[in-house]
There are 2 protein chains.
Amino acid sequence: MNVTGHTRRPASIRDVATAAGVSYQTVSRVINGHPSVKQTTRERVLAAIDELGFRRNATALALASGRSRAVTVLTANTTHYGYASILQGVEEAARAASYAVGIGVLESADEAAVAAEVQRAADAGGGLIVIAYDPAGVGALAAVPAELPVVGVVETPASPPGGDRPWVWTDDREAAYEVTRHLLSLGHETVHYVAIPSSTRRTSARTTGWRQALKEAGAPEPRPVQGSWGPAGGHAASVGLAADPSVTAILCGNDDLALGVLRALHEAGRSVPGEVSVAGFDDAPHSAYLTPALTTVRLDFTGLGRSAFALLHGLMEESAQIAPHPVSVPELVVRESSGPPPSRA
Amino acid sequence: MNVTGHTRRPASIRDVATAAGVSYQTVSRVINGHPSVKQTTRERVLAAIDELGFRRNATALALASGRSRAVTVLTANTTHYGYASILQGVEEAARAASYAVGIGVLESADEAAVAAEVQRAADAGGGLIVIAYDPAGVGALAAVPAELPVVGVVETPASPPGGDRPWVWTDDREAAYEVTRHLLSLGHETVHYVAIPSSTRRTSARTTGWRQALKEAGAPEPRPVQGSWGPAGGHAASVGLAADPSVTAILCGNDDLALGVLRALHEAGRSVPGEVSVAGFDDAPHSAYLTPALTTVRLDFTGLGRSAFALLHGLMEESAQIAPHPVSVPELVVRESSGPPPSRA
DNA sequence: GCGCCTTGTGTGACCGGTCACATTCATGCC
DNA sequence: GGCATGAATGTGACCGGTCACACAAGGCGC
């Protein structure tokens, strides 16, 4: 404990060294747990460290050794449930490994802006985790210089699972497939889909899963409706569907979108699940408390964040080997918003 | 542009210096915009910088100069709307000032755990922004060593506004006062209150505003019901209120809580706003899309985050002077969940 | 008794910047 | 012409650690 009150600058290893009557290198050995330090010396140094309240300067460590014990999460958004949860997972894992966590927000998908943000993140030193669920994130992932340790949190691995690129993902395709099957099994002729913005030009994993389930059931395949991320987008996107009496089941790209859809149906005077069934995606915390409570699929975003960090950690320290990312199984959560279609004619 | 392909290490100022045929100090002067560098020399150096793709090493800068251009946000949570929005605001402002943003989550309010987290944040170098809306945050704010630049985001300033401590806040008292008055003006005899966890042992600002409005109206003052942060807490806390037929108006400490309350009322078969009026707090993005749409008060959390950063920036660089934090005015948003009590007997 | 390996410790250079001070040269002024 | 002055530039030390290497002392084999 530092009893001497007004210490101006924090103690350095040289301060500790003189206090313990050894060289600074010996102090360095003690902090790093080097084996060949005599027991009595080690104790003397530890006592001095305690006395002076010494803490190793992270900046100096990073500069001298190159290794930085820091991660920056690049993301287009920090407030949406999925994004925020991934961030939370990364932070948890990073804290456990005593890594510092930085964030960088990709405000625009503009190439120059994204490149600048990637640069900023790179300047911070340490590794990168890029949430690539949207064009900005995908662009950022592509713009990361090859020599930097980076892990992408992606919608679906571009190369088939088993490719050893440092990516993590949830099985969105399987999840969408499950919910769609659930709705079809209730007797709906088909299921309409209000999509979240796709991360790329390619068809999203969620869309693929939905389509697959329809095809297997021989159900007609309506054109997906493009939504945005929030409830407002879901509302705007679904006024058309709400007015169409042939629509009896709607799958939404996420729970926020579903909220807007629910609202649009309410405004159109169509009851849920009496006339129309609605299902969401993600199982956000509010979904269980809506009226009607929302049928959805739970995805383990915090776990995903933790995996992303674990992978990055493995990339950055040779001690920790790179365990393959375990893809967690999505869980269908059936609540009140889904039921059989109105008239089983 | 760096055309020479495989540069192993990034260029340092000495590399630039030799390339431009000057000393490293001159390069340093150029990057820092020092006036006394001959125009032609400056151009030569800038050309070399561009050619080698030089970027100033943030770590070395921090070590050598002491100043770090980094902020760490300490918070108990990253997923709740208010917290996430403050974080977003800080990030926006920090990005504009090209500061790096770090986050540290206070997982437990335990004193030792909080102290450890503060230490970690301090180790990162740079300034601190502590979100002190809860016991963990308040503890963290108290545990920050005096010599560190820090700004607290607090519920209410402990000293009356005008005290010059580096704090920012929204006028929660006024906001609660406004909503409560709104409900009373509709004819309700009194307004019940489901509270969020208080940041301290003292009465929260929201509670104070609510109480003040009741007192002014001569309304009876029911005991506040203690909730937690999320919908589950609101639901659990309000089953009692939902069962009590004398309850006709409920104010909730935040919108998530209100969601749970709405659900509890629905389950008890009481209509909103027919039998019971409900109002929330914060105007979270989903609130406008609930059925019934939630009456609430909007608080400018992103603005609050930006103010917090501005204040901290002023603390860390003498160039930027410390502008007093402008307290934004809370805005009452009346939607569908509030109306007159059932029978104006 | 000599060489050799192991254990414990110290020295100097270095990471990539900044800072304080020294140096050079062209001016302006008396 | 001599000298103070300021502009333009260079030199060495330093921030707080790490790394590579040197070196002394003790134990062991022959």
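Order of the sequence lines sets the chain letters (A, B, ...), proteins ahead of strands, with each chain counted from 1.
- Atom P of nucleotide C:dC14 and atom CG of A:Leu61 are separated by 20 Å, given to the nearest angstrom.
- When each of C:dG16, D:dG16, C:dG10 is scored by its nearest atom to the side-chain atoms of A:Arg9, the top-ranked nucleotide is D:dG16.
- A distance-only check finds a donor-acceptor pair linking the side chain of B:Arg69 to the backbone of B:Ala97 [under 3.5 Å].
- At D:dT18, one or more side-chain N or O atoms of A:Ser28 fall inside 4.0 Å of OP1 or OP2 (strictly under the cut-off).
- Listed nucleotides: C:dG10, D:dG16, C:dG8. Nearest to the side chain of A:Ser23: C:dG10.
- Phosphate contact (OP1/OP2 of C:dT11, side-chain N/O of A:Arg14, threshold under 4.0 Å): absent.
- Atoms CD1 (A:Ile13) and P (C:dT9) sit 16 Å apart, rounded to a whole Å.
- The separation between B:Gln25 atom CD and C:dT18 atom C1' is 7 Å, rounded to whole Å.
- Residue A:Arg42 places no side-chain atom within donor-acceptor reach of the base of C:dG8, judged by atom type and a 3.5 Å distance cut-off alone.
- Rounded to whole angstrom, the span from the NE2 atom of B:His34 across to the C1' atom of D:dG10 amounts to 13 Å.
- The distance between atom CZ of B:Arg55 and atom C1' of C:dG17, rounded to the nearest whole Å, is 15 Å.
- Contact annotation for B:Thr41: backbone-only contact, meaning every heavy-atom pair under 4.0 Å involves sugar-phosphate atoms and none involves a base.
- To the nearest 0.5 Å, atoms OG1 (A:Thr79) and CD1 (B:Ile86) are separated by 13.0 Å.
- OP1 or OP2 of D:dC19 has not a single side-chain nitrogen or oxygen of A:Arg29 nearer than 4.0 Å.
- B:Phe309 and B:Tyr99 have their aromatic ring centers within a separation under 6.0 angstrom.
- Taking for each of B:Thr40 and B:Leu63 the nucleotide of DNA chain D with the nearest heavy atom, the 5'-most of the two is the partner of B:Thr40.
- Within 4.0 Å of A:Arg56, counting heavy atoms only, lie sugar-phosphate atoms of the nucleic acid but no base atom.
- Comparing A:Lys38 and B:Asn32, the nucleotide of DNA chain C nearest to each residue sits closer to the 5' end for A:Lys38.
- Donor-acceptor pairing under 3.5 Å is recorded for the side chains of A:Tyr83 and A:Asp134.
- In this structure, A:Glu111 places its CD atom where only 12 or fewer heavy-atom neighbours from other residues, nucleotides or ligands lie under 6.0 Å away.
- In this structure, the CD1 atom of A:Ile31 is 13 Å from the P atom of D:dG16, given to the nearest Å.
- B:Tyr24 places its OH atom 7 Å from the P atom of D:dT11, with the value rounded to the nearest Å.
- Protein atom CG of A:Asn57 is 18 Å distant from nucleotide atom P of C:dC15, rounded to whole Å.
- Contact check, B:Ser65 against C:dT18: no side-chain N or O comes under 4.0 Å of OP1 or OP2.
- Using a 4.0 Å heavy-atom cutoff across all strands shown, A:Ser36 reaches at least one base atom of the nucleic acid.
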